[in-house]
Amino acid sequence: MSTPFQASRDHAVALHRNGQIEQAVAVYEDLLKQQPDSADLLGLLGVAKEQAGETDEAERLLRLSLQNRTSAPLAYRNLNNLLGLLIESGQRDEAKAAAETYLPSAWPLAHSPDAIEQGTIVSLVIALKDVGLADRALATGVPFLSTMGHDVEFALQIAEMLRGAGRNDEALAALDRDFGPGEELPNLHAVRAALAHERNDVGACRQSSDRFAASMPILLSDAKPSQQFVLAVFNRAPEFITDFRELYNHHYSGNFPSQLAQAFADRFRFMSILADSSTAADALRGIPRPALALNNVVNAEQLMMENTLQCVCALEDTLGVKVINHPRLAVQATRQKNSERFANIPGIIFPKVHRYQADREQRPALIEDIEDRCGYPVIIRTVFQQMGAGTWRIDNRRALREALDKLDGMQFYAITYAQTRHAEGSFRALRAAFVNKQPLIVRADYSAHWNVRARRAPGQQTFYRENPRLLNIANRIVLDPERELGGNIYGKLRTIAEIMPLEIFGMDFDLTEDGNLLIFEINATMNLLSTAPSGLEYPPESEEKLLHHMEHFFLQQKM
């Protein structure tokens, strides 16, 4: 039977939950006169004071509530509320110190947490993790897996921390259950896929990656008053999710559309659509139509596989809006087609490209044909990889055999090697961005290696620290290409813009000693905005012009 004190306490809690904070505070304070050391009342009054804006007093009361040993459930509640207050006010160091100071005793085995207490436990585990006490968070949360493991959010939190602690088997066990409605949570499939990748279970990784794409075929960014319209981006679903990242990064790959989704976040509302998700078509029927679309399924080789082109085109055409870099345009830009496209253009060199299948039985004839067509050095690279991956410069027959061993059974390109040397014997690569036939040089880099990388590469950073003069020359090229490279450079770039079928794309190139433009790479998958680290930035003026061109083009296409 309830006592008058208990009845008053319950009445105060009811007032509190109904938002009648002042009345609740009055009752709490009156009851504390009777029980001044009550951890329960001190904690409740502390929360009420915080909600009333009296944060200093709230912190004092919550700390008081934790000074005397009390029941574990009550201590968990009060500590969670104290940490929440400190974290919300930006006092993470103080929150960490408080968590270390007010360590509650173990939860009693005989007491099964009710729904409110379960919420407190989840919140406390997250707070401990947020302040850098992952070990404490795990020690707090793991014992509850047997009773709360069906809560998918809780299980995910514990699994990710277990994985961070190197306890992958336990992390997998935490997620090895049917979460019912929770099975629709995209992050569940992403984490399962990453864990499967780490244990080299290719089948499970692919299955969970597919389930992620099916559970989240569309990702719509937050709406802002400054945004002009919704811009859809058709992306490829991740075939294999291999790491623990934000869901955004599983939608956008590392090329210029993902950069634009961040750079233009205030100007356009971005909608990512996984073009090869099994549920994308149905999901599109239930959303408002965007004003414009940008196709990021632009790897021409992948588009030609099986019925990919047909399926992607059918999906993108259902929007009934302009699609920039439409798949029917992108499929025309393979390396081989580009090589043929620029074969007889005066002043432009596109190295010859030959496609092969690495077949051990045909190895001698394959080697002989590559030698006859390309000679040495020759560039060998895989068909589907980008950003310099799967690429080798081969200088002799022995090295060619070793490369073909790595590529056994795979398709690859053999590309005639063409390169120029510059200041101090270095190699150089320039990058131009093209927007609606308008070219703009956005990068220039030198390197001691023939395969010149971007400035985010550790090797490039070391190179520039040792060669600051070359960094200055590279930046001068970006600032004033016509002065540094010759007045006809943009004439050559405009010729390329007219010939290429794409509307937005990038090109890596150089100029030979006799003034010819030598193309290394040209496609719609490049990063067009800077990825350079602090201290090695490209001149910002070029990027500002590029963003201006893109925004203007988007607005034109939407009209």
Side-chain angles (χ1 to χ4, degrees), residues 256 333 338-351 416-447 450-455 460 463-464 467-524 526-530 532 536-553 556:
F256 85 85
N338 286 337
S339 178
E340 296 166 2
R341 185 173 279 124
F342 294 103
N344 300 305
I345 307 298
I348 296 175
I349 301 171
F350 198 112
T416 304
Y417 178 78
Q419 192 86 46
T420 58
R421 288 272 189 165
H422 294 277
E424 302 172 14
S426 62
F427 298 93
R428 184 177 70 184
L430 313 173
R431 177 164 292 184
F434 297 80
V435 180
N436 193 29
K437 307 303 180 183
Q438 294 187 63
L440 184 67
I441 292 177
V442 293
R443 292 188 191 177
D445 279 302
Y446 290 88
S447 175
W450 68 271
N451 193 358
V452 183
R453 309 304 301 150
R455 298 181 186 183
Q460 279 295 96
F463 176 80
Y464 281 131
N467 299 275
R469 190 177 75 86
L470 291 180
L471 177 63
N472 290 332
I473 293 174
N475 285 343
R476 289 206 306 268
I477 291 173
V478 176
L479 276 171
D480 195 345
E482 293 176 299
R483 176 179 177 179
E484 299 297 325
L485 301 175
N488 193 37
I489 180 62
Y490 273 113
K492 289 185 171 67
L493 293 177
R494 279 189 285 272
T495 297
I496 289 168
E498 291 300 325
I499 294 173
M500 282 294 291
L502 297 165
E503 294 149 304
I504 300 180
F505 62 97
M507 180 180 74
D508 289 339
F509 70 102
D510 197 9
L511 295 181
T512 63
E513 291 182 359
D514 54 2
N516 289 320
L517 191 151
L518 171 61
I519 299 175
F520 300 137
E521 184 85 38
I522 185 165
N523 59 53
M526 294 182 181
N527 283 323
L528 301 182
L529 305 183
S530 176
L536 293 177
E537 298 92 343
Y538 298 96
E541 294 89 337
S542 179
E543 187 162 298
E544 290 169 3
K545 289 180 183 177
L546 175 60
L547 290 172
H548 173 76
H549 289 334
M550 286 189 175
E551 182 175 14
H552 181 68
F553 180 49
Q556 280 185 319

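We're numbering straight along the sequence, starting at 1.
Interatomic distance, CG of L547 versus OG of S542, reported as 9.5 Å (0.5 Å rounding). How far CG of L546 is from CD of E543: 7.0 Å, rounded to the nearest 0.5 Å. The CD atom of E482 lies 9.5 Å from the CG atom of N488; values are rounded to the nearest 0.5 Å. Rounded to the nearest 0.5 angstrom, M526 CE and F256 CZ are separated by 11.0 Å. If you take CZ on R443 and OG on S530, they are separated by 6.0 Å, rounding to the nearest 0.5 Å. For the atom pair CZ of F427 and CZ of R421, the computed distance is 3.0 Å after rounding to the nearest 0.5 Å.
Closest of all the heavy-atom pairs between P351 and T416 is CB-O, 3.2 Å. Looking at every heavy atom in both residues, L536 comes nearest to R455 through O-NH1, 2.9 Å. A pairwise comparison of heavy atoms in Y464 and A474 identifies OH-CB, 4.3 Å as the closest pair. Between A524 and L502, the shortest heavy-atom distance links the atoms CB-CD1, 3.9 Å. When all heavy atoms are compared, the tightest approach of F505 to N523 is CB-O, 3.3 Å. The shortest non-hydrogen separation linking R341 to A333 is NH1-CA, 4.2 Å.
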Side chain to side chain contact (heavy atoms under 4.5 Å, CB included), that's the test. Do E484 and I489 meet it? Break it down for me. CA-CA 10 Å; E484 299 297 325; I489 180 62; over 6 Å; no

Show your working on side chain to side chain contact (heavy atoms under 4.5 Å, CB included) between Y538 and D445 and close with a plain yes or no. CA-CA 10 Å; Y538 298 96; D445 279 302; 2.4 Å; yes

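Side chains of L430 and L485 form a contact here, defined as non-hydrogen atoms less than 4.5 Å apart. D510 is not listed as a side-chain neighbour of V452, based on a closest heavy-atom distance of 4.5 Å or more. Looking at L493 and L517, their side chains come closer than 4.5 Å, going by heavy atoms from C-beta outward. Between H549 and I504, the closest side-chain pair of non-hydrogen atoms is not below 4.5 Å. Side-chain contact between L479 and R476 is absent, with no heavy-atom pair separated by less than 4.5 Å. Taking the side chain as every heavy atom from C-beta outward, M550 and L528 approach each other to under 4.5 Å. Side-chain contact between I519 and I496 is present, with heavy atoms from C-beta onward closer than 4.5 Å. Residues L511 and R428 form a side-chain contact, since some pair of their non-hydrogen atoms from C-beta on lies under 4.5 Å apart.
At least one donor-acceptor pair closer than 3.5 Å links the side chain of R431 to the backbone N or O of N527.
Other residues, nucleotides and ligands contribute only 12 or fewer heavy atoms inside 6.0 Å of the NE2 atom of H552.
For D514, the side-chain hydrogen bond (donor to acceptor under 3.5 Å, both in side chains) partners at least two apart in sequence or on another chain are T512, N516.
Applying the ring-ring contact (aromatic ring centres under 6.0 Å, His included) test to residues at least two apart or on different chains, none of the pairs has a partner in residues 471-503.
Q460 and S447 share a donor-acceptor pair across their side chains, judged by distance under 3.5 Å alone.
Ring-plane geometry between F342 and F350 is classed as parallel, the angle between the planes falling under 30 degrees on a 0 to 90 degree scale with a further cut at 60.
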Per-pair distances, 0.1 Å, donor-acceptor, side chain in residues 433-442, under 3.5 Å, sequence neighbours excluded:
unit_1: K437; atom_1: NZ; unit_2: A497; atom_2: O; d: 2.7
unit_1: K437; atom_1: NZ; unit_2: M500; atom_2: O; d: 3.0

